[in-house]
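Throughout, protein chains are lettered first and strands after them, A, B, ... in sequence-line order, and every chain is numbered starting at 1.
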Protein chains: 2
Amino acid sequence: MENLQIQITISPELYIKNPESTELGRKIISTSIEMIDELGFESFTFRKLGVKIGSNESSVYRYFESKHALLVYLISWYWSWIEYKLVFTNSNISSPLVKLSNAIQILTEEITQDNAFSFVNEELLNRIIIAESSKAYHTKDIDAENEKGYYKTYKRVVKRISDVVLEVNPKFEFPHMLVSTVIEGAHHQRYFSKHLPSLTDVEKGKNNIVRFYTSLVSKTIK
Amino acid sequence: MENLQIQITISPELYIKNPESTELGRKIISTSIEMIDELGFESFTFRKLGVKIGSNESSVYRYFESKHALLVYLISWYWSWIEYKLVFTNSNISSPLVKLSNAIQILTEEITQDNAFSFVNEELLNRIIIAESSKAYHTKDIDAENEKGYYKTYKRVVKRISDVVLEVNPKFEFPHMLVSTVIEGAHHQRYFSKHLPSLTDVEKGKNNIVRFYTSLVSKTIK
DNA sequence: TTTTATTAATAGTATTACTATCATATATTT
DNA sequence: AAATATATGATAGTAATACTATTAATAAAA
């Protein structure tokens, strides 16, 4: 995948002006990813971002109506990217079991830098998803935002993998719960392994998160 | 459990002045639970709380050093309460399988009001844990706070149930990951079932969350 | 009754998450 | 080349937030 130049398209309700369309927009995305990872979402502000990119707070507001909207955009970008990886990896695979195993791998593995997308650092973005994405949907506005389609990419990924689960076992009752449990669970385990390790059983170099969820899925759907 | 009057003790690093020790303190706890549930954590403020309880913002600050500290207190209270329920329910049970099944039930069931604790509405508190608790530990200060013992009650609950998992299967490699996955997962599913239902397979009256996690655990540890 | 502790009232601070306005630079069209 | 449109930058302003500090009033304990 390293040298392909792939286009990830984000639906227009997620921004005011498309950040991919200008140099400044791309700078907003790439620098906000760096800054949110470094400062945390609470301490990140559009003013600080403006200073860092040599631009202005008010210019950033021409791309995103709020800090929250920018986070939602980043989350959507991330899931589009994951969806692309899923489709790409499973494109020529016919065995449902292999497809499922690939999918679990993609959902639970540690992300390291891949250079297919110029202005997004996926490794940092993955850390943001792990640490901050729950703040996006744990809001009083969730229902209104969901209706506007803010979370549809995430839901589409869950649906896609649930369908693979059903290919493996058409009678399994809870495919969506299983997939969303694995996704959220793997993120929690990565976070806990760094900050609250007693909640995990992570050991260096043993890839326990991927192993645990792979085994959990295969046993659960039997 | 209905009429027992049980004492839940919260360790002193979680408050400045013990809210259980005064009428005002108890009012702060009970009213903040109602208000956080109603407004969401972001829109809840000590000023609004002061107005509602006929007291003053500055008085609230004598009990808790910050809004965040109050949330951590509530989370700790919740896990102490869950721990009490676990110990109580399993006190005379010798079968590890039954103990585990009871524990999963307690972790994943829907909470309805129980009146053992006068000034805490556990049903609302449970909703707060589901919707807001991840905001407490997804902070840049997590490591410092963890060292101060802010999250020890939660960690103790996970440890306790992990030990039951190991009683059932002493060779199971990932007891902590399994238990923390079930806890966080069940909370997510309850939240998703209300706001992003396509991420779940919840059906009215079928108790699918409890059924899903009970089956997942029993299959996974085999 | 005096001391002490607790709470209430008021005011103040730095920062945040925006909005509004206007000037300027650059690009596009005519 | 002139006219026009568009994008950006600079500055200022607003209401609210998350506190801190100070002082006064009141209730409980010695």
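- Here the side chains of Leu70(A) and Phe44(A) are in contact, with some heavy-atom distance below 4.5 Å.
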Quick one: which protein N/O atoms are closer than 3.5 Å to N/O atoms of nucleotides 4-10 of chain D? Pair and distance per line, please.
from	atom 1	to	atom 2	distance (Å)
dT8(D)	OP1	Tyr63(A)	OH	3.2
dT8(D)	OP2	Lys17(A)	NZ	3.3
dT8(D)	OP2	Tyr63(A)	OH	3.0
dG9(D)	OP2	Ser55(A)	OG	2.3
dG9(D)	OP2	Ser59(A)	OG	3.1
dG9(D)	O6	Arg62(A)	NH2	2.8
dA10(D)	N6	Ser58(A)	OG	3.3

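- What separates CD1 of Ile16(A) from C1' of dC18(C) is a distance of 11 Å, to the nearest Å.
- For His188(B) and His188(A), the ring centers sit closer than 6.0 Å to each other.
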Do any N or O atoms of the protein come closer than 3.5 Å to N or O atoms of nucleotides 12-17 of chain C, and which pairs are they?
from	atom 1	to	atom 2	distance (Å)
dA17(C)	OP1	Lys67(A)	NZ	2.9

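- In terms of modelled atom types and a separation under 3.5 Å, the side chain of Thr200(B) and the main chain of Pro197(B) share a donor-acceptor contact.
- Under the rule for a side chain to side chain contact (heavy atoms under 4.5 Å, CB included), the partners of Glu34(B) that lie at least two apart in sequence or sit in another chain are Leu124(B).
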Decide ring pair (Phe, Tyr, Trp, His ring centres under 6.0 Å) for Tyr63(A) and Tyr15(A); before the verdict, give the C-alpha distance in whole Å, the side-chain angles of both, and the deciding distance to 0.1 Å. CA-CA 6 Å; Tyr63(A) 288 83; Tyr15(A) 48 76; 8.9 Å; no
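- Taking a 4.0 Å limit (strictly below) on heavy-atom distances, residues 133-141 of chain B does not reach DNA chain C anywhere.
- Within a 6.0 Å radius of NZ in Lys48(B), more than 12 heavy atoms belonging to other residues, nucleotides or ligands are found.
- Not counting sequence neighbours, the partners of Phe46(B) by the ring-ring contact (aromatic ring centres under 6.0 Å, His included) test are Tyr61(B).
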Assess whether ring pair (Phe, Tyr, Trp, His ring centres under 6.0 Å) is satisfied between His138(A) and Tyr191(B), documenting all intermediate values. CA-CA 9 Å; His138(A) 283 131; Tyr191(B) 188 83; 4.5 Å; yes
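- If you measure from atom CZ of Phe64(A) to atom P of dT19(C), you get 15 Å, rounded to the nearest angstrom.
- For Asp141(B), the side chain to side chain contact (heavy atoms under 4.5 Å, CB included) partners are Thr139(B), Glu145(B), not counting sequence neighbours.
- In this entry the distance linking NZ of Lys27(B) with C1' of dT6(C) reads 17 Å, nearest Å.
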